[in-house]
2 protein chains.
Amino acid sequence: MNIRDLRYLLALAEHQHFGRAARACGVSQPTLSVQVRRLEELLGVALFERGGKAVTPTAALERMIGHAREAVAETEAMIAVARNQRDPLCGRFRLGVIPTLAPYLLPLVFAPLRQALPSLEVEPWEDQTEALLDRLRGHDLDAALLATEVDGPDLASRPLFDEPFLAALPPEHPLVQREVIAEADLAPDILVLAEGHCLRDQALAVCGQGGALSGALRASSLPTLLNMVAAGYGTTLVPGLAAGAAQDAGIVLRPLSAPSGRTVCIAWRTHFPRCAAVEAVGDVIAARLRGFAEGAAAGTVG
Amino acid sequence: MNIRDLRYLLALAEHQHFGRAARACGVSQPTLSVQVRRLEELLGVALFERGGKAVTPTAALERMIGHAREAVAETEAMIAVARNQRDPLCGRFRLGVIPTLAPYLLPLVFAPLRQALPSLEVEPWEDQTEALLDRLRGHDLDAALLATEVDGPDLASRPLFDEPFLAALPPEHPLVQREVIAEADLAPDILVLAEGHCLRDQALAVCGQGGALSGALRASSLPTLLNMVAAGYGTTLVPGLAAGAAQDAGIVLRPLSAPSGRTVCIAWRTHFPRCAAVEAVGDVIAARLRGFAEGAAAGTVG
DNA sequence: GGGAATGATAGTTGTTCCCTATGATGATCG
DNA sequence: CGATCATCATAGGGAACAACTATCATTCCC
């Protein structure tokens, strides 16, 4: 059963004339003639009474034609929806972002995204890496911005930009005197985020598992951590994009003697069909952050 | 666009597995695979995300699937309607009957029709010949019972049975003495129906254009005409099936010396697709009236 | 009865659809 | 870590389908 046949049917019922109906359908008269007859044979019912003068729908067709009309209409509606969805750079795009990145990166990239991909509705979702990966695997996200590379059978990722780490010191800290801080010097009184934050692991990896890691002082968010540092509880590493926020909190920032940092990536399901959207979003973010690493290492925010 | 493809689509969306969906559709897995892909290319949208593990409908498909479901459902409803209509001996059958026949014939044939064609809903429509033919041509009737043969480019007819005429006399009429009446003897004071009734023309044809045709005395229906005869206003010819009614009205009936009558036919449009129904109805009526002519000519009602 | 109009039929060609067989890839398990 | 299984994609071939042009049959009308 072909929708085309139903179109022929409706055209013939409307025009009551094979030639005109065929012209309306853009086919030859024999084509429509044969197809209608085939349909009649298939259904086992006479659909039209072919008089010498007029071609009239039978009572049987009258009862069927409503359904036929609906079937054609629904099919066309479906095709119309498909046509509207055709552009992968269109529609909702659920983008996960880790908490140590979201508040500092999103303000920078929202405007460029909106300009470059006006019909892509980017919906951010803030959560920690593992939760984001779960949601990504569960089709609850379309992509995620992470500070860790992902590569597996089902997920893939692509680096977008490097975010250098800066040493964060309370204003009265003795190390403030130095222009450049050695990572090891931070270790004794370093503060880190609560478990689950990738920044915690990265800071510890850079500075070594400092023994002074006081159990009571684990911040659950980066702003809290910055406040704790500003209040003199200890030092920490801040990612470059948070430099402005750190300074606003009254923290002194210093470059590291051996510059290190983390790589922000965009991750997606290997088989995600709208990878064009992932790519485009990644391009926009990478372009916005181009040259950021150097500037941030020198203490400037892009 | 084929409805079959939509079925594949729905099956795959439901099973989320090519093999099982294919089995549910009764096709091989490559067939379903290829068809779904073709559909995706046709629509220009990815409909499924083919992961290593699961096959999941995309957001685009989620928006389309309702329409697809509706289209399939409507198509199936249409096919179901067609299936129910497939039997031509089923459904409404609008049957025209001329007024001089309807009240006498229909009581005889309703029961046999209902028995022989239980799912055919015979709807009688009483009117004069010309009106019936108009309605027949206008598709407002499916067939008509007439006392005249019809043959033309658009209409055809078939004789069902012969209905003899009987001489109808008031009880006190002098001709009552005779066992058999000559047609010419009726002519002087014959009464006929109003114009438009075919029985009028037939009576006049049999008896000649009797000069005594009083303009004031034209009955508009056969019962009225019978009452007029019974009241002594004149004589007439009655069709055999009305013999009982005539006798009930107090009329004396006599056979004609040169037996004559009219042929009752069933008429239909040449191109009417349910001619099987016409034939069946005709068969039932003819069978019911078989041998009626002889009996009626002898004064008996079948 | 000839001509115009209309639908049906015939023959042909290109497309579509389905099958079986096979390939590619990822998951699973010893 | 390699073998095996599961799953989907691809290839090739054959049957069915749908489209066309050309032609025929019928009806209608003058």
Side-chain angles (χ1 to χ4, degrees), chain A residues 1-9 11-43 46-58 61 137 150-156 268-273 275, chain B residues 1-9 11-43 46-58 61 137 150-156 269-273:
Chain A
M1 174 71 60
N2 201 315
I3 287 292
R4 185 189 345 98
D5 296 341
L6 298 188
R7 280 187 224 277
Y8 294 166
L9 198 75
L12 186 53
E14 184 188 346
H15 290 93
Q16 311 211 344
H17 185 287
F18 278 81
R20 279 193 285 279
R23 216 169 312 132
C25 293
V27 296
S28 71
Q29 168 263 316
T31 295
L32 187 132
S33 211
V34 168
Q35 289 310 112
V36 169
R37 176 162 297 282
R38 293 184 66 85
L39 194 59
E40 284 180 317
E41 282 165 13
L42 176 71
L43 296 174
L47 299 172
F48 293 95
E49 182 169 335
R50 295 152 172 82
K53 203 80 173 179
V55 178
T56 24
T58 62
L61 177 55
R137 289 199 179 87
V150 177
D151 208 358
D154 53 348
L155 297 182
W268 66 93
R269 290 189 300 284
T270 324
H271 302 289
F272 184 55
C275 54
Chain B
M1 173 70 60
N2 200 317
I3 288 291
R4 187 188 344 98
D5 297 340
L6 298 188
R7 280 186 223 278
Y8 293 166
L9 199 74
L12 186 53
E14 184 187 345
H15 291 93
Q16 310 212 346
H17 185 286
F18 277 82
R20 280 191 284 280
R23 216 169 313 133
C25 292
V27 296
S28 71
Q29 169 263 316
T31 295
L32 187 132
S33 210
V34 168
Q35 287 310 112
V36 168
R37 177 162 296 283
R38 292 183 65 86
L39 194 58
E40 284 180 318
E41 282 165 14
L42 176 70
L43 296 174
L47 299 173
F48 293 95
E49 181 169 337
R50 296 153 173 81
K53 204 80 172 181
V55 178
T56 24
T58 62
L61 177 54
R137 288 197 180 89
V150 177
D151 209 358
D154 52 348
L155 296 182
R269 290 189 299 284
T270 324
H271 302 287
F272 184 54

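As a basis for the values below, the full set of heavy atoms in this structure was taken, side chains included, without hydrogen atoms, waters or symmetry mates.
- Of the residues near DNA chain C, B:R38 and B:P30, the one whose nearest nucleotide (by heavy atom distance) lies more toward the 5' end is B:R38.
- Within the nucleic acid shown, A:F48 has no heavy atom closer than 4.0 Å to any nucleic acid atom.
- Where B:T270 and B:Q16 each meet DNA chain D at their nearest nucleotide, the meeting point lying more 5' is that of B:Q16.
- Atoms NE2 and CG, on B:H271 and B:D154 in that order, are 7.5 Å from each other to the nearest 0.5 Å.
- Within the 4.0 Å cut-off from OP1 or OP2 of C:dC18, at least one side-chain nitrogen or oxygen of B:Y8 is found.
- Under the side chain to side chain contact (heavy atoms under 4.5 Å, CB included) criterion, A:R269 pairs with A:L136, A:H139, A:L155, A:F272, B:E49, sequence neighbours left out.
- For the segment residues 17-26 of chain A, the set of residues with a heavy atom within less than 4.0 Å of an atom of DNA chain C comprises A:H17, A:F18, A:G19, in numerical order.
- Two residues are said to be in side-chain contact when any heavy atoms from C-beta on lie closer than 4.5 Å; B:M1 and B:L43 meet this criterion.
- Taking atom CD on B:E41 and atom P on C:dT16, their separation rounds to 11 Å, with Å as the unit.
- Using a 4.0 Å heavy-atom cutoff across all strands shown, B:Q29 reaches at least one base atom of the nucleic acid.
- Side-chain N or O atoms of A:E40 include one that pairs as donor or acceptor with a backbone N or O of A:F48 at under 3.5 Å.
- The phosphate of C:dC19 has OP1 or OP2 within less than 4.0 Å of a side-chain N or O from B:S28.
- Scanning DNA chain D 5' to 3' for nucleotides with an atom closer than 4.0 angstrom to a non-hydrogen atom of chain A gives a first and last hit of D:dC17 to D:dC29.
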